[in-house]
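For reference, the structure is listed below as structure tokens.
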Amino acid sequence: MIPNLPFVVAVFAAPATDVPTEFWQVTPERKGVNAVNPPRGKDRAVLIIPGLKIHPIRPALATRPERRDYQEIGSELVSRLSKDSDVFAFSYAQIVPLDAIVQSPAMRNAITRIKDAGYKEIVLVGHSAGGVIARRFAESCPESGVTKVVTVAAPQGGSELAQFRVGYSKAQAPFIQSLSPEARAEAGPLKLSDKIEMACVVCKLKRLEADGLVSIGSQWPEDCRKLGIPAVLTPVNHWDAMSTPESVQVIADLVREKLTRWNATEVEKARSVLFRE
């Protein structure tokens, strides 16, 4: 069982930098802060990790964890996932580089608490930058117990927009700039264990090679293609990817189903469809 959720913890992800994070159990719904609910007979736990949210007017909001609507009970995503999984959520202050979140004790502790509850499957579902966090955590901590990663509209190859130095506060600059193509390239290619399943939900708008924010080539980058990581195309914009019924159903299906790596022929077929090659 997982006691004393929800809770907030501050960790040192970078020298002299406190990074507040929050980790809580969404379903089964808890009755009071100190309630203890064991898993209700489900073998799978899903951890939802959100992405970037810019706060140009109220920068102080970026300095503390922020829950998203799709992480809460009653959301389309939680409702569908909770049919056959217990759902958890993680949020974090967006004031340090993304990789500092990946390496933080808070992130590791959240996964450890889920693992210690005895789940047979631990699935990380990350939207946008949260997808990059999920992917990088799974590959850097193969012993963590994570069995699957589903990235949704994730700028795994970086976003050109992250190179701009305007439109956001100084507090968020380290996090946003860590999403640039140069920063993601410096992080190195994907080295995911073949024991961990993974899929990329690629979001795309009509007549665009992007979802309105992230290019499809970044959402399903070359290193994922080389490993045969499957991609699922979804016609939805970046911001609605975790809330529209169609895209939520895609996510729920990927969480539930067995995912296998594609062979070279399957990768090339998908490449020709996505990139019109």
Side-chain angles (χ1 to χ4, degrees), residues 11-17 19 21 49-56 59 62-63 90-104 107 124 126-142 149-192 198-205 208-229 231 237-239 241 267 270-271 274-277:
V11 300
F12 286 97
T17 303
V19 184
T21 67
I49 308 172
L52 169 68
K53 185 174 182 180
I54 296 178
H55 294 286
T63 66
F90 183 81
S91 62
Y92 51 93
Q94 301 183 352
I95 55 176
V96 297
L98 177 147
D99 297 285
I101 304 297
V102 174
Q103 298 164 8
S104 70
M107 183 74 187
L124 306 185
H127 175 241
S128 191
V132 183
I133 291 173
R135 160 192 164 163
R136 286 298 180 184
F137 180 85
E139 68 173 336
S140 63
C141 301
V149 175
V150 177
T151 65
V152 184
Q156 301 186 67
S159 172
E160 299 291 342
L161 295 178
Q163 298 175 320
F164 292 100
R165 302 302 176 102
V166 296
Y168 54 85
S169 69
K170 292 182 179 179
Q172 282 191 280
F175 185 79
I176 293 174
Q177 291 167 17
S178 72
L179 293 169
S180 70
E182 291 77 13
R184 299 326 313 154
E186 289 179 4
L190 180 64
K191 299 177 181 178
L192 190 69
M198 180 175 172
C200 302
V201 178
V202 177
C203 300
K204 182 182 181 301
L205 293 175
L208 290 179
E209 299 304 310
D211 61 6
L213 186 63
V214 181
S215 71
I216 58 175
S218 181
Q219 295 179 55
W220 190 46
E222 184 61 34
D223 58 354
C224 285
R225 294 172 232 158
K226 287 182 177 179
L227 288 182
I229 303 298
N237 69 65
H238 184 87
W239 301 274
V267 169
R271 187 200 299 267
L274 285 174
F275 306 117
R276 302 176 183 177
E277 296 179 350

Legend entry - Leu98 backbone acceptor or donor facing Ser178 side chain under 3.5 Å: yes

Inset, instruction - Not counting sequence neighbours, which residues clear ring-ring contact (aromatic ring centres under 6.0 Å, His included) with Phe90? List them please. - result: none

Inset, instruction - Decide side chain to side chain contact (heavy atoms under 4.5 Å, CB included) for Cys141 and Met107; before the verdict, give the C-alpha distance in whole Å, the side-chain angles of both, and the deciding distance to 0.1 Å. - result: CA-CA 11 Å; Cys141 301; Met107 183 74 187; over 6 Å; no

Inset, instruction - With Leu190 as reference, evaluate Lys226, Arg225, Arg136, Met198 under the side-chain contact (heavy atoms from CB on, under 4.5 Å) test and give the passing residue. - result: Met198

Inset, instruction - Please identify each residue that fulfils ring-ring contact (aromatic ring centres under 6.0 Å, His included) with Tyr92, with sequence neighbours left out. - result: Phe175

Inset, instruction - Any chance you could measure Ile101, atom CD1, to Thr21, atom OG1, to the nearest 0.5 Å? - result: 8.0 Å

Inset, instruction - Just jot down the side chain to side chain contact (heavy atoms under 4.5 Å, CB included) partners of Ala185, sequence neighbours excluded, or say none. - result: none

Inset, instruction - Find the distance between CG (Asp223) and CD (Gln156) and round it off to the nearest 0.5 Å. - result: 7.0 Å

Legend entry - Pairwise distance OG(Ser218) to CD(Glu209) - rounded to 0.5 angstrom: 13.5 Å

Legend entry - Parallel, tilted or perpendicular: ring planes of Trp220 versus Phe275, cut at 30 and 60 degrees: parallel

Inset, instruction - Indicate the atoms forming the closest heavy-atom contact of Ala183 with Gln177, along with that distance. - result: CB-O, 3.6 Å

Inset, instruction - Give the minimum heavy-atom separation between Val214 and Ala153, together with the two atoms involved. - result: CG2-O, 4.1 Å

Inset, instruction - Please report the closest heavy-atom contact between Ala210 and Ser215, naming both atoms and the distance. - result: CB-CA, 3.7 Å

Inset, instruction - Heavy atoms only: give me the nearest Gly228-Val267 pair and the separation to one decimal. - result: CA-CG2, 4.0 Å

Inset, instruction - Kindly say whether His238 contributes a backbone atom to a donor-acceptor pair with the side chain of His127 at under 3.5 angstrom? - result: yes

Inset, instruction - Could you pull out the closest heavy-atom pair between Ala93 and Val19, with the gap in Å? - result: O-CG1, 4.0 Å

Inset, instruction - Could you tell me the separation between the CG atom of Leu124 and the CD1 atom of Ile49, rounded to the nearest 0.5 Å? - result: 5.0 Å

Inset, instruction - To the nearest 0.5 angstrom, please state how far the CG atom of Leu213 sits from the OG atom of Ser159. - result: 5.0 Å

Inset, instruction - Report yes or no: does Gln94 contribute a side-chain atom to a donor-acceptor pair with the main-chain N or O of Gln172 at less than 3.5 Å? - result: no

Legend entry - Spacing of OG belonging to Ser180 relative to CD belonging to Glu186, to within rounding of 0.5 Å: 7.5 Å

Inset, instruction - Mind listing the closest non-hydrogen atom pair of Thr151 and Gly131 along with its distance? - result: CG2-O, 3.5 Å

Legend entry - Note, Gln219 side chain near Cys203 side chain (heavy atom, < 4.5 Å): yes

Inset, instruction - Would you indicate whether the side-chain heavy atoms of Lys170 and Ile95 approach each other to under 4.5 Å? - result: no

